[in-house]
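In what follows, a structure is listed as structure tokens, so that the remarks can point back to it.
We count ligands from 1, going down the list as the structure has it; atoms in each ligand are counted the same way. Please read these numbers as outputs of a predicted model, since none were measured by experiment. We use all heavy atoms of the structure for the numbers below, so side chains are in, but hydrogens, waters and symmetry mates are not.
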Amino acid sequence: MLIEPNDKVIVVTGGSRGIGAAIVTHLAYLGYTVYGTYNSNPEQAQLIATHLSNEGAQVHFIQMNVASEESVRLGFEHIVKEKGRIDGLVNNAGITKDTLLIRMSEQDWDDVLDTNLKGAFLCSKAVSRPMMSQRSGRIINISSIVGLRGNAGQVNYSSSKAGMIGLTKSLAQELASRNILVNCIAPGYIETDMTEKLNEEQRKAFSDKIPLKRSAKPKEIASVVSFFLSEESSYITGQVLCVDGGLAM
Ligand code: NDP
């Protein structure tokens, strides 16, 4: 496939697996220079980087723990030093630690909030300075429909995802005057390692509730990310778009 490069630099956190890997791949084929981050799994990141580089894409992976201010600072400093700009950030890194509230430990709560919500805060803060001086930028937060609807067994996760919606709307208002657009995608049931933990019965129960009667592939989220990065969405900011087969209607 012929890849036509453009000069835009996009960072995708948690780009080594699942939805993040699909976003990295999709953007790389569109010609963006993509920096994916991984936390604990360099082998998976390397596989994607090698495959895409062989196709002629501009893809780099760096280690970054989004829950650590130091790690985030070093990661973004490295990218700005190498490329001199950051045009887009996709806050995708996320984890679950599901259990009922009565069994949920403080650690379960802190781990999920630190990765999902504090991570998005730290990374948004790190890109806001270069984007403000460029007078342009796009930030896309990957929330979840459970951030809108809640879900039994996920008080930590759904709180973190609801928090990302507040983060999106506040940041959209703070950064609009600098032409930085901030939007949120709320996926429904997507086939990744995260949902692989579900058994067959749970999968069927989920799919039965979805108007489109199926789960989604990660690339069906990636295509919406590319829309939010493109000129086609130049008048949209502070919005939450559910990509869920109609589940959250
Ligand atoms: P996966 O579990 O498949 O992948 C998670 C990714 O996040 C990995 O690349 C992982 O890197 C990275 N990651 C985890 N912790 C950290 C950390 N502390 N710092 C940096 N990176 C980290 O998840 P999905 O692809 O399923 O989910 C991606 C996003 O989409 C998440 O935010 C999730 O909440 C959201 N989402 C997913 C849905 C689904 O149905 N799958 C539905 C709704 C929302 P490594 O492997 O190196 O640790």
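- Closer than 4.0 angstrom to ligand 1 by heavy atom are Gly14, Ser16, Arg17, Gly18, Ile19, Tyr38, Asn39, Ser40, Asn41, Met64, Asn65, Val66, Asn92, Ala93, Gly94, Ile95, Thr115, Ile142, Ser143, Ser144, Tyr157, Lys161, Pro187, Gly188, Tyr189, Ile190, Thr192, Asp193, Met194, Thr195, sorted by chain and number.
- Within the structure, the side chain to side chain donor-acceptor pair (under 3.5 Å) test picks out the following pairs touching residues 1-18 (sequence neighbours left out): Arg17-Asp193.
- Both Ile180 and Ile79 are members of a single hydrophobic cluster when ILVMFWY side chains are connected at heavy-atom separations under 4.5 Å.
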* Apply the test salt bridge (Lys or Arg N to Asp or Glu O under 4.0 Å) to residues Arg73 and Glu77: give CA-CA distance (whole Å), side-chain angles for both, the deciding distance (0.1 Å), then the verdict. => CA-CA 6 Å; Arg73 187 180 57 74; Glu77 274 177 11; 3.0 Å; yes
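- The minimum heavy-atom distance linking Thr115 with Val66 is given by the pair O-CG2, 3.6 Å.
- Aromatic ring pairs are classed by plane angle as parallel below 30°, tilted from 30° to 60° and perpendicular above 60°; the pair Phe206 and Tyr189 is tilted.
- Looking at Asn151 and Gln154, their side chains do bring a donor and an acceptor atom within 3.5 Å of each other.
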